[in-house]
Amino acid sequence: MECILYLTDSCNLKCTYCYEGNTKNRSFLSSENLNKALEFIVNNNIPGEYIYLTFLGGEPLLNKDRIYEAMDLIHTKYRQWKDLFRYSITTNGILLDDGLIELMTKNQFNLSVSVDGDQMTHNLNRVSVSGADVYPVIMSKVKKLVENNIKFHIRMTVTANNVHLFYKNILYFYNLGIKSYHIAFDSFGAWEDRTLKEMDEQLNSLDEFYLKKIVDYEDMLIDLYDYKYTTILFKKDSKYCCAGTKSHITITGKGEIYPCGYVANQENWKLGTVTDGMDPAAFLRNVKKSVNNISKCRDCDIAFTCKGTKCGFQNYSLSGYLNTPLDCICRLERILYKHDRKVIKELFQNKHKRIMKLYTEAISYGLEINHQSAELLKDSSVLV
Ligand code: SF4
Ligand code: SF4
């Protein structure tokens with residue numbers, strides 16, 4: 001089960017691109033609801049499956065006591081399931097402290113710190129609620145993580161107003177010793193021809209950087225490439241994620257259950273509560289009402305790897321339909337696909353260990369190369 005647990009809707013920043021909006025509910029998960037949420041999670045998890053628990057907000061560290069309590073509960077009351085838990089957290093870093101870093105390290109948290117780039121870039125969109133410049137505070141925490149060799153990802157949001165600085169900011173982080181990069185594109189932004197072209201150009205530089213500075217090191221990655229290889233190379237049906245089933249739920253600070261963070265707190269998408277359980281029938285009725293009869297993705301040549309065919313609730317937030325992505329999503333995804341293919345081709349041509357390892361393992365698990373990628377591999381004589 002994947003479970004997103006909102007510790008609070010409140011935040012100490014007011015980012016211009018925040019899809020949750022800046023008039024947040026300001027609810028905080030109570031100890032009582034945390035206990036009920038964990039009980040719900042362990043009782044509803046398919047026996048033996050991993051429980052991927054993500055602490056989210058707002059800014060989750062505004063309610064950091066609940067993280068300590070969750071760890072205590074999982075190691076005492078729910079200890080029977082403790083080995084199944086895998087933890088993630090995304091934070092803006094302001095409230096990261098030594099105690100939390102120790103707890104996260106001990107429990108092998110997958111930690112992401114959201115910083116968009118250098119001070120000027122970051123402050124373009126990520127300002128504090130009080131208007132104060134908190135960038136120095138954030139970077140002091142980031143530098144501490146690097147100095148102490150703590151594994152974490154930098155999570156950058158690329159927007160129409162900072163895309164021209166994208167590559168420069170990757171270099172900036174690289175020179176600070178950061179090894180892992182998670183990039184999010186602001187899907188709600190006002191992308192236009194000029195900014196999409198800019199993104200394409202920035203990615204030309206990034207492709208080269210990735211091939212020269214990242215691929216040779218096992219502990220380094222850029223998710224735009226590394227997390228795409230499997231979906232691009234191997235045959236699979238394009239299908240939406242499982243949000244709303246017991247395999248993926250979102251629990252809010254009030255203990256309400258929603259399919260996905262994009263629709264958290266939207267009453268019509270409420271699946272139930274951690275006290276009363278979930279009502280799948282109501283959810284399915286709502287899904288049926290939110291599907292467009294005609295989907296442009298159905299016959300699309302990149303549907304198998306595109307976010308537009310996976311992330312239904314992002315589509316819904318933008319278009320009102322789960323299966324109707326906006327045109328700008330198509331254009332963003334096509335640009336990314338082009339660059340991923342370019343990089344994959346080069347890695348295969350050099351028989352680089354990063355791609356060959358993945359390829360050999362996937363083939364040994366019975367995965368088959370899809371026809372678009374077979375062409376790439378043939379060129380590099382891996383596939384004959
Ligand atoms: S979102 Fe656009 S690019 Fe992606 S699969 Fe659908 S039609 Fe194709
Ligand atoms: S709809 Fe998108 S954001 Fe929501 S759970 Fe699925 S993949 Fe994640």
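Values reported hereafter were calculated over all heavy atoms of this structure, with side chains retained and with hydrogens, waters and symmetry mates removed. As the structure lists them, so they are numbered: ligands from 1, and atoms in each ligand from 1. Because the structure is a prediction, the values reported are computed rather than measured.
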Can we call the ring centroids of H248 and Y52 under 6.0 Å apart?
-> no
Look at atom 4 (Fe) of ligand 2 and say which protein heavy atom is nearest, naming residue and atom and giving the distance to 0.1 Å.
-> C260 SG, 2.3 Å
No-hydrogen, no-angle side-chain donor-acceptor test under 3.5 Å, S187 and Q314 = yes
Using heavy atoms and a threshold below 4.0 Å, how should the contact between C311 and ligand 2 be classified: side chain, backbone, both, or neither?
-> both
Do Y78 and N35 have side-chain atoms, one donor and one acceptor, less than 3.5 Å apart?
-> yes
Going by atom types only, do Y316 and W269 share a side-chain donor-acceptor pair under 3.5 Å?
-> yes
Closer than 2.8 Å to atom 2 (Fe) of ligand 1, which protein N, O or S atoms?
-> C330 SG
Select one of side chain, backbone, both or neither to describe which atoms of Y262 lie under 4.0 Å from any atom of ligand 2, heavy atoms only.
-> side chain
Quick one: do the N12 and E59 side chains pair a donor with an acceptor below 3.5 Å?
-> no
Using only heavy-atom distances, determine whether the side chains of T121 and N169 contain a donor-acceptor pair under 3.5 Å.
-> yes
Flag for H153-D223: side-chain donor and acceptor within less than 3.5 Å | no
Under 4.0 angstrom from atom 1 (S) of ligand 2, is there any protein heavy atom?
-> yes
